[in-house]
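Written below as structure tokens is the structure these notes are about.
Just so you know, ligand 1 is whichever comes first in the structure, and atom 1 is the first atom listed for that ligand. Note that this is a predicted model, so its numbers are computed, not measured.
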Amino acid sequence: MALQAASLVSSAFSVRKDGKSNASSSFKESSLFGASLSDQIKSDFVSFSLRCKREQSLRTTGARIRAQTIVTSTPSVTRSTFDRKKTLRKGNVVVTGASSGLGLATAKALAETGKWHVIMACRDFLKAERAAKSAGMPKDSYTVMHLDLASLDSVRQFVDNFRRAEMPLDVLVCNAAIYQPTANKPTFTAEGFELSVGTNHLGHFLLSRLLIDDLKNSDYPSKRLIIVGSITGNTNTLAGNVPPKANLGDLRGLASGLNGLNSSAMIDGGDFNGAKAYKDSKVCNMLTMQEFHRRFHEETGITFASLYPGCIATTGLFREHIPLFRSLFPLFQKYITKGYVSEAEAGKRLAQVVGDPNLTKSGVYWSWNKTSASFENQLSQEASDVEKARRVWEVSEKLVGSA
Ligand code: LMG
Ligand code: NDP
Ligand code: PMR
């Protein structure tokens, strides 16, 4: 592992409490162009050169997890014997990929409310620690735990470590993702699945399947499972029509294991295309959220949600894109599509989906309009296809071995 970027969000902000659903806002305008740029909030970006080998990071992880566990197993319960109605223990929220971009901004927004303890589930332990410190997150507001979504063993190990820490799980946020727009041949996860779908969908699918029991056991008043989606997976929008378009087809590639050897590395069985693989993985994320809702909402009361936070054109997601794209894309989004949002603003949006008492409806794909008001957005036909969601679920269960 050579250079990695971490983001430092310097401006202080807190979670909005007025995020009322605004279903009457113009759907077309909002879904086509996303929400407008918030000029008040600025982000600074600091690049760290971390020349740590993955093995070194992993070696230190065990010890640090234990150390962190001791720190955080001290009671976070603030319920007073005298005033049970008003005070509530801190909520525990797991955020995957909290070492940069949206995940870090969300972790910071939640930590700053003083109401949340954030478990930052990250593949690069040191990067996450440094990102949290640089972002100014209070020391007792977070715990870093190692999670590499590109390895199902690591996912299982994370769940074991989390359970050993004996914290209740109140909210799980599946945020991490990779995007390989310039790759011309596929790379693979530890188990041999194409890397984008393997990480963004299958890793999160197993994590959520395992942690649903922990969510069920939580006594928190509003338990939530959030899977980050995107506009580019939705072909009912302009952004979703930029080629290559998402399309899961008949799932023949997924059903054959996405291994690129005796089958295609793409879900629909076609030729490898990194940008399409990412968009397909986002469709899987949005379908999975809805299938969770159908299978578990009534029985458990858990709120399942997805969202498009806006175009956060400056994050590490575009690290593999060509430099010209990386420099023009934010300008294009800011001044032409007006779909740009800062990391801080997007973090506040996701933090709303985590904790806002107005956003408890389950099965919803949230978006924000130009005045940054949340509304229930419409998914594309494919991303809301009930039968496809069921089949993606069943095939994914077979692949991750959690059936
Ligand atoms: C591919 O290219 C890449 O090959 C692939 O690697 C991957 O990145 C993929 O999707 C990701 O994209 C797409 C390529 C071709 O697009 C581009 O390369 C364009 C890059 C644009 C980004 C930078 C633009 C820079 C602009 C300059 C800005 C300067 C700064 C301004 C400063 C202002 C100062 C005041 O894309 C195309 O082929 C283009 C065709 C796009 C067509 C999309 C439109 C489809 C329309 C369909 C309409 C459907 C509408 C449905 C609406 C439904 C509503 C209910
Ligand atoms: P970033 O690249 O900044 O953040 C992605 C995070 O995922 C990083 O922390 C990264 O870790 C982590 N990650 C990647 N691979 C793994 C893995 N194998 N195991 C564990 N963690 C991993 O991108 P964004 O913040 O933009 O993306 C966050 C989410 O937002 C994604 O789900 C993306 O699809 C979604 N999104 C983004 C939009 C945008 O415009 N940027 C728009 C719509 C949705 P590390 O720091 O170690 O690299
Ligand atoms: Mg898009 C009209 C509005 C709009 C919005 C909100 C986005 C969001 N994009 C829009 C339009 C366009 N884009 C148009 C008209 C073009 C052609 C010029 C265009 C191109 C484009 C590219 C090449 N856009 C991109 C790329 C990427 O590589 C990004 C991508 O597809 O990643 C999968 C991307 C994005 N555009 C967005 C958003 C949010 C992205 C990031 C993708 C994501 O996070 O899901």
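Distances between N or O atoms of T315 and those of ligand 2 include at least one value under 3.5 Å. Annotation: C311 places no N or O atom under 3.5 Å from an N or O atom of ligand 2; distance criterion only. Among the atoms of G97, some N or O lies under 3.5 angstrom from an N or O of ligand 2. When only interatomic distances are considered, the shortest N/O to N/O separation between K127 and ligand 2 falls below 3.5 Å. Remark: ligand 3 and T337 share no N or O pair separated by less than 3.5 Å (distance only, no angle test). Looking at L317 next to ligand 2, an N or O pair under 3.5 Å apart turns up. Ligand 2 has an N or O atom lying under 3.5 Å from an N or O atom of L149, backbone or side chain.
Residue contact check: L317 has heavy atoms under 4.0 Å from atoms 44 (O) of ligand 3. The ligand atoms of ligand 2 that sit less than 4.0 angstrom from a heavy atom of V228 are 30 (O), 32 (O), 35 (C).
Under the 4.0 angstrom criterion for non-hydrogen atoms, R319 is in contact with ligand 2. For the ligand labelled ligand 3, residue K282 lies outside the 4.0 Å heavy-atom shell. Within the structure, the closest approach of Y179 to ligand 2 does not fall below 4.0 Å when heavy atoms are considered.
Only the backbone of L147 comes within 4.0 Å of ligand 2, judged by heavy-atom distances. When non-hydrogen atoms are compared, ligand 2 lies under 4.0 Å from the backbone of L102 as well as from its side chain.
No salt bridge links E394 with K398; every basic N to acidic carboxylate O contact stays at or beyond 4.0 Å.
The residue among Y278, Y340, F318, F329 with a heavy atom at the shortest distance from atom 35 (C) of ligand 3 is F329.
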